[in-house]
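Structure first, commentary second.
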Amino acid sequence: MSDSPLRRDFLVRSSLLSVACALPLSSRSQAATSTTQVSFTPEIERWVRMIERTEQSQLLEKLAEGIRDGQLNYQQLLSSLFLAGIRNVQPRPNVGFKFHAVLVVNSAHLASMACPDSERWLPLLWAADNFKTSQRRDVEEGDWTMPAVDDSQLPASHAAEAEFRKAMDAWDEQAADASIAAWSRTASQSELFDAMANYGSRDLRDIGHKAIYVANGFRTLEAMSWEFAEPILRSLTYALLCRNRDPNPSQSDLAADQPIRRNRERIAKVRDGWMFGKADARATDQLIASLHQTNPEEAGAMVFDMLQSGVSPQSIWDGMFVSATELLMRQPGIVALHAVTTTNAIAYCYRRVHSDALRLQLLLQNASFLGMFCERVRSGTNRSDRVSELLIASEPQDLPSQRDAAIAEILQSMGTDNDRSARLLHSLVENEPDAASEFIHRARQMVFLKGTDSHDYKFSSAIMEDYFNISPDFRSRYLAMSLYKLNSPAQRDTPLLPRLKSCLGIA
């Protein structure tokens, strides 16, 4: 979007809805007498307050009533839900846990877009109920609320970008909050996205949720309206500065910050034309085989060497996507799941940013992050034989000749014998690549029928998006390995499903 005077005027007017305060982001209990919360345009503020103030046991029914009466449309519900999250849920002590109420909204939106029309509302209503659980937890932890902006404390518009970068480099929360509020009123979307992608990829604290918030936050914002950029970018900035209990990283040499320092040294040495290397499936296979034995330093160096030797970035991404899902086969747990969702987020940022140097940083950082994830998986019990069994299953498995029947058999084994389902799915997609779309469609249905956790939505959205971003030679392996964390027919329906269907009159 261009930086037009009309747009700047509109953003400034909308920002004036906030009542001034002179406090950094803080808890309501600490600032009750002097802080006014950030507020939104009247037509959205109405619904945000309703979501905030309605009891969890009544919220779905009230939202459904607004939908049926035509008072609440899809974009309004999406916007109100996301804004309720960023105003009420603090990304502390981690950018995760209760903050998944914010992180999951884009994934619920993507699931909604893939639903039949009759079930379009189900994922967002599920996310609304999930928000109430996070809101309750936030109250228990201090009842934080995002305060309004004090315009008198903001830097001048011409200095806002420099002040923002200075504050982020110094891990200064108060200065960063003021400067992003000012900069968001004049900057273009592309400028802001590049800046956030830079800081979202500088460390792996919070198991990848910083990069995930950058990707999902901007995607949700674009499905809403850019008028809400300021509070959303303030929330994102606050999240990116989370350092857990670490000392100030700008004044320390912590393990979490070493990969970005080494990778920035590599960026300065990369060959010209690194983006235009040759596709090399053999190099991809070598990367997949090697990543699981590396540490973060070795992983970054390995990818740098591949670029220097002329390997295409696409071949490297293929290797990283498949390596992430291999972790699921080795140890189907929360660490491997986040290797997948983090790679999804950073790959999205890689495709979207405008700076070649930043694109290279994202590529190298993702390699280092995978090295960290692999270290964590190696430290626990894992089964590498699952991977070997899948890869040596080169002959077609015994599947029904009819595609629908073959997919039904794969689904039937999911959740009870995932090793068998993975082999069957790998064989089916190898021999009938078009069958993948049908399997993905069925897998999406399982999410909103069986999903009970934010990770169900985040993970499935990542898999179903990145399948089509991988080179065809590696897609079947990627999809088959993802099966270890996808929802299956063997699971019970989500307990919320009958209530959701009743609210919307779905049989």
Side-chain angles (χ1 to χ4, degrees), residues 44 47-48 51 73-89 91 95-115 119-131 133-134 189 192-193 196-197 200-201 206-229 231-240 337-338 340-353 440 443-444 447-448 451 453-469 486-487:
I44 290 297
W47 293 108
V48 174
I51 292 171
N73 63 38
Y74 182 89
Q75 189 182 48
Q76 287 173 322
L77 175 56
L78 177 70
S79 302
S80 302
L81 178 59
F82 198 61
L83 294 171
I86 65 111
R87 183 159 80 182
N88 289 271
V89 184
V95 188
F97 296 100
K98 67 181 185 294
F99 199 68
H100 276 106
V102 174
L103 299 175
V104 78
V105 172
N106 179 66
S107 299
H109 166 60
L110 294 178
S112 290
M113 293 297 96
C115 284
E119 299 170 340
R120 181 82 64 210
W121 298 95
L122 294 180
L124 282 192
L125 290 180
W126 175 88
D129 183 79
N130 184 59
F131 160 75
T133 300
S134 291
Q189 293 184 36
L192 292 165
F193 184 83
M196 294 300 180
S201 63
D206 298 308
I207 202 168
H209 286 130
K210 293 182 179 182
I212 291 168
Y213 191 13
V214 172
N216 287 3
F218 269 84
R219 296 172 84 166
T220 309
L221 175 58
E222 289 166 354
M224 296 163 52
S225 170
W226 193 251
E227 68 183 286
F228 302 116
I232 292 171
L233 292 172
R234 290 179 64 207
S235 172
L236 177 55
T237 295
Y238 187 35
L240 298 184
L337 181 149
H338 282 93
V340 172
T341 54
T342 300
T343 299
N344 167 261
I346 294 182
Y348 172 81
C349 293
Y350 176 91
R351 293 191 299 271
R352 177 167 174 174
V353 298
I440 287 172
R444 282 189 191 277
V447 177
F448 58 84
D453 183 82
S454 296
H455 295 105
D456 294 330
Y457 282 87
K458 287 169 53 192
F459 175 75
S460 60
S461 293
I463 290 295
M464 294 165 194
E465 177 178 51
D466 288 331
Y467 174 81
F468 297 101
N469 291 323
L486 289 172
N487 296 110

Please verify the inter-ring angle class for [X] with [Y]; under 30° counts as parallel, over 60° as perpendicular, anything in between as tilted.
X      : Y      : result
Tyr213 : Phe82  : perpendicular
His100 : His338 : tilted
Tyr348 : Phe193 : perpendicular
His109 : Tyr74  : tilted

With distance as the sole test, does [X] use its side chain to make a donor-acceptor pair with the main-chain N or O of [Y] at under 3.5 Å?
X      : Y      : value
Lys210 : Leu240 : yes
Asp129 : Trp126 : no
Asn344 : Val340 : no
Asn73  : Gln75  : yes
Asn216 : Leu103 : yes
Gln76  : Ile44  : no
Arg120 : Cys115 : yes

Does the side chain of [X] reach to within under 4.5 Å of the side chain of [Y], using non-hydrogen atoms?
X      : Y      : value
Cys349 : Val214 : yes
Asn469 : Asp466 : yes
Phe448 : Glu119 : yes
Arg444 : Met113 : no
Pro123 : Tyr457 : yes
Ser460 : Asn487 : no
Leu77  : Leu125 : yes
Leu236 : Phe218 : yes

Interatomic spacing from [atom1] in [X] to [atom2] in [Y] - rounded to 0.5 Å:
X      : Y      : atom1 : atom2 : result
Ser235 : Arg87  : OG    : CZ    : 12.5 Å
Ile51  : Leu83  : CD1   : CG    : 9.0 Å
Ile232 : Ser79  : CD1   : OG    : 8.0 Å
Leu110 : Met464 : CG    : CE    : 11.0 Å
Phe131 : Ser80  : CZ    : OG    : 11.0 Å
Ile212 : Ile207 : CD1   : CD1   : 8.5 Å

Q.
Testing the 3.5 Å rule here: is there a donor-acceptor pair between the side chains of Ser454 and Asn130?
A.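 Their side chains do contain a donor-acceptor pair, which is all the 3.5 Å distance test asks for.
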Can Phe468 and Ile440 be said to form a side-chain contact (heavy atoms from CB on, under 4.5 Å), step by step?
CA-CA 11 Å; Phe468 297 101; Ile440 287 172; 3.9 Å; yes
Check [X] against [Y] and note the closest heavy-atom contact, atom names and distance.
X      : Y      : answer
Ala128 : Leu81  : CA-CD1, 3.6 Å
Val102 : Gly85  : CG2-C, 3.5 Å
Leu124 : Ala108 : CD2-CB, 4.2 Å

Discussion item. Taking the basic N atoms (NZ, or NE/NH1/NH2) and the acidic carboxylate oxygens, is any pair closer than 4.0 Å for Arg352 and Glu222?
Written reply: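 Yes.
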Verify side-chain contact (heavy atoms from CB on, under 4.5 Å) between His209 and Lys458, making sure each step is shown before the conclusion. CA-CA 11 Å; His209 286 130; Lys458 287 169 53 192; 3.3 Å; yes
